[in-house]
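Just so it is clear, the values below take in all heavy atoms, side chains as well, and ignore hydrogens, waters and symmetry mates.
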Amino acid sequence: MKKMLGTGILMSALALVALKPALAQSTPPAPQPVVVVNQTRFQSVAQDVVLAAGASQRFEVRSDGFSRVSLLLGGTTTPGTGGLRIGTLYGPPLVPAGTVRALTDRAGAIRGKLVEPVLGPAMVVVLSNEGTADATITMSAYFAN
């Protein structure tokens, strides 16, 4: 009985060793990012841009062919020194559309978002630093139909 039990354990161990490469190969691949062609688009608008206190900067963004846009803003500044304003213009000719004030927390982290319909083929995003200290910002645009 002991011999049979020992043989069974040995056979099980050999089977696991033989199957290990097959089991490793059958592991599903890591999930890949989803890209829906012709219905959505991601565009980096600004990456680690330093915006001086009291200054404004414009960023041109192509918006034709989409019906909605979401702008996401993140960054850092000195805590308690004011905030940023995100505004959009559409054209041609350029006319003002939405505006929102980004929030700054006690640690100096800046967060803001603006979601609106696309109102023209040309879009200009205007960032205004209304604070008394420089701000470093990153902003992305997500377009959808």
Side-chain angles (χ1 to χ4, degrees), residues 5 7-145:
L5 184 59
T7 305
I9 292 172
L10 179 62
M11 293 298 284
S12 297
L14 287 173
L16 283 175
V17 170
L19 289 174
K20 188 175 181 180
L23 290 173
Q25 291 173 357
S26 67
T27 304
Q32 299 298 315
V34 176
V35 178
V36 181
V37 180
N38 295 329
Q39 294 181 10
T40 62
R41 184 179 80 217
F42 163 82
Q43 182 173 344
S44 177
V45 177
Q47 184 71 35
D48 296 327
V49 172
V50 176
L51 192 58
S56 292
Q57 189 166 349
R58 290 179 171 218
F59 302 91
E60 294 182 10
V61 181
R62 198 186 89 219
S63 59
D64 58 321
F66 293 95
S67 60
R68 294 184 313 272
V69 63
S70 298
L71 295 171
L72 301 176
L73 173 78
T76 57
T77 190
T78 305
T81 58
L84 274 78
R85 185 169 301 279
I86 307 168
T88 54
L89 307 166
Y90 289 94
L94 291 176
V95 294
T99 184
V100 68
R101 186 169 166 82
L103 301 175
T104 304
D105 67 15
R106 291 181 181 171
I110 303 167
R111 292 179 186 86
K113 70 176 182 174
L114 176 66
V115 179
E116 65 185 10
V118 172
L119 302 174
M123 177 179 165
V124 176
V125 179
V126 181
L127 287 179
S128 301
N129 185 350
E130 298 174 339
T132 57
D134 294 354
T136 303
I137 58 101
T138 296
M139 185 170 48
S140 302
Y142 296 88
F143 292 94
N145 283 324

Nearest heavy-atom neighbours spanning [X] and [Y]:
| X | Y | value |
| --- | --- | --- |
| Leu94 | Ala122 | CD2-O, 4.5 Å |
| Gly91 | Pro121 | O-CD, 3.2 Å |
| Leu89 | Pro96 | CD2-CA, 3.5 Å |
| Phe59 | Ala46 | CE2-CB, 3.8 Å |
| Gly108 | Pro79 | N-CG, 3.8 Å |
| Tyr90 | Val69 | OH-CG1, 3.4 Å |

Out of the candidates [options], only one should pair with [X] under the side-chain contact (heavy atoms from CB on, under 4.5 Å) rule; please name it.
| X | options | result |
| --- | --- | --- |
| Leu71 | Val61, Leu114, Val100 | Leu114 |
| Phe143 | Ser70, Ser67, Ser63 | Ser63 |
| Ile86 | Leu73, Ile137, Val126 | Leu73 |

* **Sequence neighbours excluded - side-chain hydrogen bond (donor to acceptor under 3.5 Å, both in side chains) pairs with any residue from residues 134-143** => Asp48-Thr138
* Report yes if some heavy atom in the side chain of Val49 is under 4.5 Å from a heavy atom in the side chain of Met139; otherwise report no. => no
* Quick one: does Arg68's side chain have a donor or acceptor within less than 3.5 Å of a partner on Asn145's backbone? -> yes
* Give, for atom CG of Leu84 and atom CD1 of Ile110, the distance between the pair rounded to the nearest 0.5 Å. => 5.0 Å
* To do: Can you measure from CD (Gln43) to CE (Met123) and round to the nearest 0.5 angstrom?
  => 9.0 Å
